[in-house]
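Note sheet for the following structure.
We use all heavy atoms of the structure for the numbers below, so side chains are in, but hydrogens, waters and symmetry mates are not. Everything numeric here is computed off the predicted structure, so don't read it as measured data.
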Amino acid sequence: MFVKTSCCMSSGLTVEWSAATIVFVCGAVFIAAVLRGITLAAVPLISIALSPTEAVVITILLQCMIGLRDLPVLRHLVARTTLVTLSVGALIGTPLGLMTLYALSADTMRVVIAIIVLLALLALIRQVRVKPGPRRALAAGVLSGLFSGMAAMPGPPAVAYLLGTSTPAVQTRATLIIFFFITSLFTLPGLWVQGMLGQPTLLMAVGSFPLLMIGTHLGGWVFRQLGEGRYEKAAIAMLAATAILAALRGVWGLL
């Protein structure tokens, strides 16, 4: 059985999804949730089977659903000044990311996405921190918006900035989750204007959301079993592997 997407790619082609592709995408969302890295793992994994554009759309929709779920609980915990400054920057950077996503070919985007993931992991390993300040927060927001529009990955610049502040861990987590929600909302109109949103991607996101929830709970259980150190090493290794697979898929297509 095939599902034909109505999303327009930069090449002007449409894509048919087989049952195997749908299962693969749902599995990719589940694995990303287990790794507790939906913003880093989902797009490179999904883009192995689908175009990066469709992977970005599905991930953005999932981030919106996560945000709607978490907003009532976390909205009182956020660092409001930091959140506003990051969001203003993201509003500037998101259109640039969307233009990049629309302009580059699918295989080039796979390589670009893999590079972003690998650089983010390197920054995590090296514990990169950005000194706090309004200008730096704005710059981090611009980069987050760029990465969100281009690859549904707003996390690395915002994480590096917030970890460089004295914000408590609970407040940092809440601020990041709500910020990811905001960047997703910024990205949606651009995806719609460029004809990237369609019924198949919406149905795929809605259909895979329960798996994301299950994977998140399983990831929490694995984290408690392995401990923070071993879990982080395993997650980084898995995320690096997904990025390399996506890069190989892209390079193969470019040859």
Side-chain angles (χ1 to χ4, degrees), residues 2 5 7-18 20-35 37-60 62-63 93-94 96-126 128 143-157 160 187 190-191 194-196 198 200-201 204 208 233-255:
F2 290 88
T5 172
C7 294
C8 297
M9 305 300 116
S10 58
S11 61
L13 299 175
T14 57
V15 180
E16 290 187 340
W17 296 353
S18 67
T21 300
I22 294 172
V23 171
F24 181 90
V25 173
C26 289
V29 171
F30 178 76
I31 292 171
V34 172
L35 294 175
I38 188 68
T39 60
L40 281 182
V43 172
L45 268 174
I46 295 172
S47 68
I48 294 172
L50 301 180
S51 73
T53 298
E54 290 170 307
V56 166
V57 171
I58 291 168
T59 305
I60 288 292
L62 287 171
Q63 288 176 3
T94 299
L96 301 175
L98 285 167
M99 286 188 288
T100 304
L101 175 64
Y102 190 75
L104 297 181
S105 70
D107 289 313
T108 302
M109 272 307 306
R110 288 186 178 98
V111 176
V112 170
I113 287 167
I115 291 172
I116 292 173
V117 173
L118 292 174
L119 288 176
L121 293 177
L122 181 62
L124 178 64
I125 293 170
R126 296 180 64 87
V128 173
L143 283 176
S144 291
L146 175 68
F147 291 166
S148 177
M150 181 170 56
M153 296 179 186
T187 306
L191 294 174
Q194 293 182 348
M196 296 178 183
T201 48
M204 179 69 81
S208 60
K233 290 178 181 178
I236 288 173
M238 288 291 292
L239 288 168
T242 64
I244 291 169
L245 285 173
L248 291 174
R249 172 81 164 81
V251 170
W252 181 263
L254 291 170
L255 294 178

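Separation of atoms CD1 (Ile60) and CE (Met196) is listed at 11.5 Å; rounding is to 0.5 Å. Of the inter-residue distances, the one linking Ile58 atom CD1 with Ile46 atom CD1 reads 5.0 Å to the nearest 0.5 angstrom. How far OH of Tyr102 is from CG of Leu98: 12.0 Å, rounded to the nearest 0.5 Å. Summarising the geometry, atom CD1 belonging to Ile113 is positioned 11.5 Å from atom CZ belonging to Phe147; distances are rounded to the nearest 0.5 Å. Rounding to the nearest 0.5 Å places CG of Leu118 at 6.0 Å from CD1 of Ile244.
For Ala160, the side-chain contact (heavy atoms from CB on, under 4.5 Å) partners are Val130, not counting sequence neighbours. Considering only residues two or more places apart in sequence or on other chains, Ser148 meets the side-chain hydrogen bond (donor to acceptor under 3.5 Å, both in side chains) condition with Thr187. By the side-chain contact (heavy atoms from CB on, under 4.5 Å) test, Ala234 is found to be paired with no residue, residues two or more places apart in sequence or in another chain being considered. Not counting sequence neighbours, Thr59 has no partner by the side-chain hydrogen bond (donor to acceptor under 3.5 Å, both in side chains) test. Here Leu119 pairs with Ile115 under the side-chain contact (heavy atoms from CB on, under 4.5 Å) rule; sequence neighbours left out. Partners of Ile236 under the side-chain contact (heavy atoms from CB on, under 4.5 Å) rule, at least two apart in sequence or in another chain, are Leu121, Leu124, Ile125, Glu232.
Nearest heavy-atom pair, Thr242 versus Leu239, reported as atom, atom and distance to 0.1 Å: OG1-O, 2.7 Å. Between Ala151 and Val43 the shortest heavy-atom distance is O-CG2, 3.3 Å. Looking at every heavy atom in both residues, Phe24 comes nearest to Leu45 through CE2-O, 3.2 Å. A pairwise comparison of heavy atoms in Met150 and Val56 identifies O-CG2, 3.8 Å as the closest pair. In plain terms, the two heavy atoms of Ala246 and Ser47 that are nearest each other are CB-OG, 4.1 Å. Nearest approach of Ser208 to Cys26, heavy atoms of both residues: CB-SG, 4.2 Å.
A distance-only check finds a donor-acceptor pair linking the side chain of Gln63 to the backbone of Ala152 [under 3.5 Å].
For residues 113-126, no residue pair satisfies the salt bridge (charged side-chain N to carboxylate O under 4.0 Å, His left out) rule, not counting sequence neighbours. For residues 105-122, the pairs satisfying salt bridge (charged side-chain N to carboxylate O under 4.0 Å, His left out) are Asp107-Arg110, Asp107-Arg249, with sequence neighbours left out.
Counting only heavy atoms from C-beta outward, the side chains of Thr53 and Leu101 approach each other to under 4.5 Å. Residues Pro44 and Met153 form a side-chain contact, since some pair of their non-hydrogen atoms from C-beta on lies under 4.5 Å apart.
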Please tabulate, for side-chain N and O atoms in residues 27-34, each donor-acceptor pair with protein atoms closer than 3.5 Å (sequence neighbours left out).
none

Applying side-chain contact (heavy atoms from CB on, under 4.5 Å), run through Thr94 and Leu146 and close with a yes or a no. CA-CA 5 Å; Thr94 299; Leu146 175 68; over 6 Å; no
